[in-house]
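Below: one structure, written as structure tokens.
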Amino acid sequence: MLKSHRLFQSEKVLTVVAFLFGAYHLLVVSGVISVSTMEMRLTHLMLAFVLVFARKPITPSLAANRFARGIDLVLIAAGVVASIWLLSRWKAIAFSGGMTNDTDYLAGIVIVALVFEAARRGVGLILAGITLLFFLYPFVSPYLPGILESRGYGFERVVAFLTTDTQGIYGIPVGVAATYIIVFTIFGALLSRLGAGEFFFEISFRLTRGMRAASAKSAVLFSALIGMVSGSAAGNVAVTGTLTIPLMKREGYAPHQAAAVEAVASTGGQIMPPVMGAAAFIMAEVVGVSYTEIMATGLLPALLFFATAFIVVHLRAQRSGIEPQTEPSSDPRSTGRVLFDGMPFIITFGLLVGLMLIGYSPFKASLWAMGAMIVSVCLWKRRIERDLLRQICGSIVDGANGVVTISAACAAAGIIAGVLGMTGLGSKIAVLIDMGSGGSLMIALVLTMVVSIILGMGLPTTAAYLILATVVAPALVKMGVPVLTAHFFVFYFGCISTITPPVALAAYVAGGIAKADINKSGWTAAAYAAPSFLLPFAFCFGPGLLLQGGWVANIAAVITGFLGVAAIAIAVIGVLHDRLPVLARVAAALAGVLLLFQDMISAAAGIAVMAMLWIFSHLRLRKNAY
């Protein structure tokens with residue numbers, strides 16, 4: 001739960017607000033309460049303002065300052081009053097074709113200002129600064145050179161467009177936060193409260209026990225399971241790293257290596273179906289495809305990402321001389337008993353995926369899954385525990401508190417999307433990338449990668465994707481890349497930015513837990529995830545990696561994809577049977593590139609290079625043995 005400064009005399013007030021916030025949304029998405037789309041979004045952002053300003057101080061140093069608390073109260077009151085006014089006026093504005101009055105304009109100014117402040121407090125200065133740059137564009141565009149020049153817009157028109165239309169602040173991002181994301185944050189909180197985290201960790205530990213790099217492999221599995229519902233790679237590190245990093249250090253990994261492994265695994269959780277860190281819900285809405293298609297498309301790249309992590313940690317352990325560990329679990333139960341006791345969580349995930357596959361919306365599926373989890377927990381324990389209601393209510397509160405910063409990011413992204421749509425800046429950015437690439441798709445992809453990593457640095461997964469989807473993805477679509485592929489390309493680099501220095505947040509959090517040099521942790525994490533920097537390029541040229549080709553292409557993509565990431569992992573760590581010389585590592589990297597790019601000739605060449613490398617390494621090992 002987010003820590004709050006003492007805005008009110010009692011924490012209970014904020015707890016009640018958060019519970020009402022979460023319960024209201026559950027009732028709306030379940031159909032018990034019926035409201036219009038605009039009413040839902042207005043109410044959602046109003047309540048999010050209350051929680052973010054109550055729980056996040058102006059600055060940490062002013063958390064206990066009375067004057068600062070007074071400012072927070074003013075901001076909360078302004079947000080509530082302005083939102084209620086727009087709630088009373090939105091139908092009249094819509095039916096009149098967008099006609100507004102002075103009070104609407106004043107309420108709009110308040111909402112825009114609060115979005116900036118909520119984004120700054122909830123996410124950070126980076127998002128607030130990026131949003132401000134886009135917000136200023138309509139006013140400075142008449143004075144800009146070249147293609148960026150436009151006729152400009154008045155302040156009143158911009159504010160009205162952003163606050164009274166569903167293409168601005170109350171657009172798709174806030175709509176997704178008010179339906180999909182809040183339900184899944186409550187779902188994740190309920191999993192945590194009912195003990196799913198302990199179950200997943202125990203299963204991961206037992207599955208990898210006796211293997212080389214057992215603790216690191218259990219960290220990869222555990223972080224994948226927890227990370228896909230967390231919505232934040234850095235947040236996932238904070239939750240899982242306290243368990244996994246000490247185990248890896250005790251097994252023999254250097255602190256910066258343990259931090260890097262955890263950071264990479266936690267980042268991968270954001271791209272792992274079925275939840276994919278909540279950003280995939282937004283992708284489904286923006287692209288206009290079913291969520292089931294998003295899940296299917298993201299499956300193979302996610303498996304390749306985690307295959308890379310497994311191979312890297314194994315080779316790293318081999319290079320460091322870390323032997324297999326057979327340390328028993330501290331849990332005295334048998335593995336069969338652990339699985340039996342954890343069946344409520346297995347049933348929950350099975351039902352969640354199954355319902356989405358047969359056509360249920362993600363939030364409807366998650367509601368059924370939560371209900372099934374509660375019932376099955378009671379059945380498995382053969383009793384209804386006294387504190388079950390407290391756990392359910394606590395999950396609603398935790399979920400509501402967890403979504404407020406995402407909602408602030410979504411509202412900020414609404415400003416960016418609104419300015420892009422209003423001014424045509426989005427198409428101009430696409431033209432700039434097209435011009436900069438000289439018509440070369442590969443150069444355009446490289447430019448898009450750089451922009452995606454820069455814009456994604458320091459942002460949670462959802463916020464990063466929201467910006468990239470509106471600013472960068474259209475440039476690739478303009479150059480002929482399929483829409484879904486273009487969005488996956490920027491989504492991946494937005495995720496990877498959390499382990500890309502100089503602002504590798506996930507790696508820095510992990511480095512802090514491991515007591516390692518954070519910069520060394522960041523660069524090591526980026527190296528361990530090296531194949532993932534190539535995957536987005538590969539699936540732009542080979543649809544099989546996104547399972548969008550024919551059966552032959554898809555099967556070939558699975559085989560060459562796994563061989564390709566393995567080859568690059570070998571090149572990064574420098575070990576096959578034994579340590580490899582530099583030229584052999586270069587050959588492994590070349591083979592990996594040839595295998596990942598889906599062409600029969602290049603794949604055959606890659607397999608040939610890897611076969612020769614395997615023979616060379618084996619003969620070298622035998623020679624050294626004598």
Side-chain angles (χ1 to χ4, degrees), residues 2 4 7-8 13-29 33-56 71-94 100 103-123 128 131 159-183 185-186 396-397 399-415 418:
L2 296 171
S4 79
L7 176 58
F8 299 103
V13 175
L14 294 180
T15 300
V16 170
V17 172
F19 176 79
L20 294 175
F21 182 30
Y24 165 73
H25 282 79
L26 289 177
L27 292 172
V28 170
V29 298
I33 296 177
S34 179
V35 295
S36 68
T37 298
M38 192 64 172
E39 289 169 339
M40 177 70 162
R41 296 175 183 181
L42 278 160
T43 307
H44 175 84
L45 196 56
M46 176 183 71
L47 294 172
F49 282 152
V50 172
L51 290 174
V52 77
F53 292 132
R55 293 198 174 278
K56 290 284 189 178
I71 293 176
D72 295 334
L73 283 171
V74 170
L75 294 179
I76 290 170
V80 171
V81 171
S83 297
I84 290 175
W85 175 259
L86 291 177
L87 272 168
S88 69
R89 284 279 299 155
W90 76 270
K91 285 185 180 179
I93 294 171
T100 59
T103 310
D104 301 331
Y105 174 48
L106 181 60
I109 292 175
V110 170
I111 295 296
V112 170
L114 292 179
V115 168
F116 280 112
E117 178 61 7
R120 185 193 69 81
R121 293 193 190 193
V123 182
T131 307
V159 168
F161 182 83
L162 292 177
T163 57
T164 62
D165 194 283
T166 54
Q167 297 181 62
I169 290 171
Y170 299 106
I172 288 176
V174 166
V176 173
T179 50
Y180 298 92
I181 296 177
I182 189 168
V183 174
T185 57
I186 294 172
I396 295 173
V397 172
N401 284 324
V403 82
V404 294
T405 54
I406 298 175
S407 299
C410 289
I415 291 178

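Below, each value reflects all heavy atoms present in this structure, side chains not excepted, and no hydrogens, waters or symmetry copies.
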Rounded at 0.5 Å granularity, tell me how far OH in Y170 sits from CG in D165. 12.5 Å
Return yes if some donor-acceptor pair links the side-chain N/O of T405 with the main-chain N/O of G122 below 3.5 Å, else return no. no
Sequence neighbours left out, what passes ring-ring contact (aromatic ring centres under 6.0 Å, His included) with F116? Give chain and number order. F135
Compare every heavy atom of A18 with every heavy atom of A400, then report the nearest pair and how far apart it is. CB-O, 3.2 Å
Closer than 4.0 angstrom, basic N to acidic O: yes or no for R121 and D72? yes
Tell me every residue that passes side-chain contact (heavy atoms from CB on, under 4.5 Å) with L26, counting only those two or more places apart in sequence or in another chain. V183, I186, L367, M370, I396
For the residue pair L45 and A411, what are the closest heavy atoms and their distance? CD1-CB, 3.9 Å
Gap separating the SG atom of C410 from the CD1 atom of I169, nearest 0.5 angstrom: 12.5 Å
Only residue of L75, I76, L114 satisfying side-chain contact (heavy atoms from CB on, under 4.5 Å) with F49 is L114
Please enumerate all residues that pass ring-ring contact (aromatic ring centres under 6.0 Å, His included) together with F21, with sequence neighbours excluded. H25, H44
Consider side-chain contact (heavy atoms from CB on, under 4.5 Å). Of L51, L47, T185, which one does V403 pass it with? T185
List the steps, then state whether side chain to side chain contact (heavy atoms under 4.5 Å, CB included) holds for N401 with R55. CA-CA 9 Å; N401 284 324; R55 293 198 174 278; 3.1 Å; yes
Suppose we screen for side-chain contact (heavy atoms from CB on, under 4.5 Å). Which residues come up paired with I84, at least two apart in sequence or across chains? M46, V80
Among residues at least two apart in sequence or on other chains, which ones pass side-chain contact (heavy atoms from CB on, under 4.5 Å) with L87? E39, L42, T43
Applying side-chain contact (heavy atoms from CB on, under 4.5 Å) to A408 and not counting sequence neighbours gives A118
Measuring from W90:CH2 to T166:OG1, what's the distance to the nearest 0.5 Å? 9.5 Å
Show me the pairs that pass side-chain hydrogen bond (donor to acceptor under 3.5 Å, both in side chains) and involve residues 103-115, at least two apart or across chains. W85-D104, R89-D104
Out of I93, T100, I109, I111, which residue meets the side-chain contact (heavy atoms from CB on, under 4.5 Å) rule with T163? I111
Tightest non-hydrogen contact, residues R41 and I172, listed as NH1-N, 4.0 Å
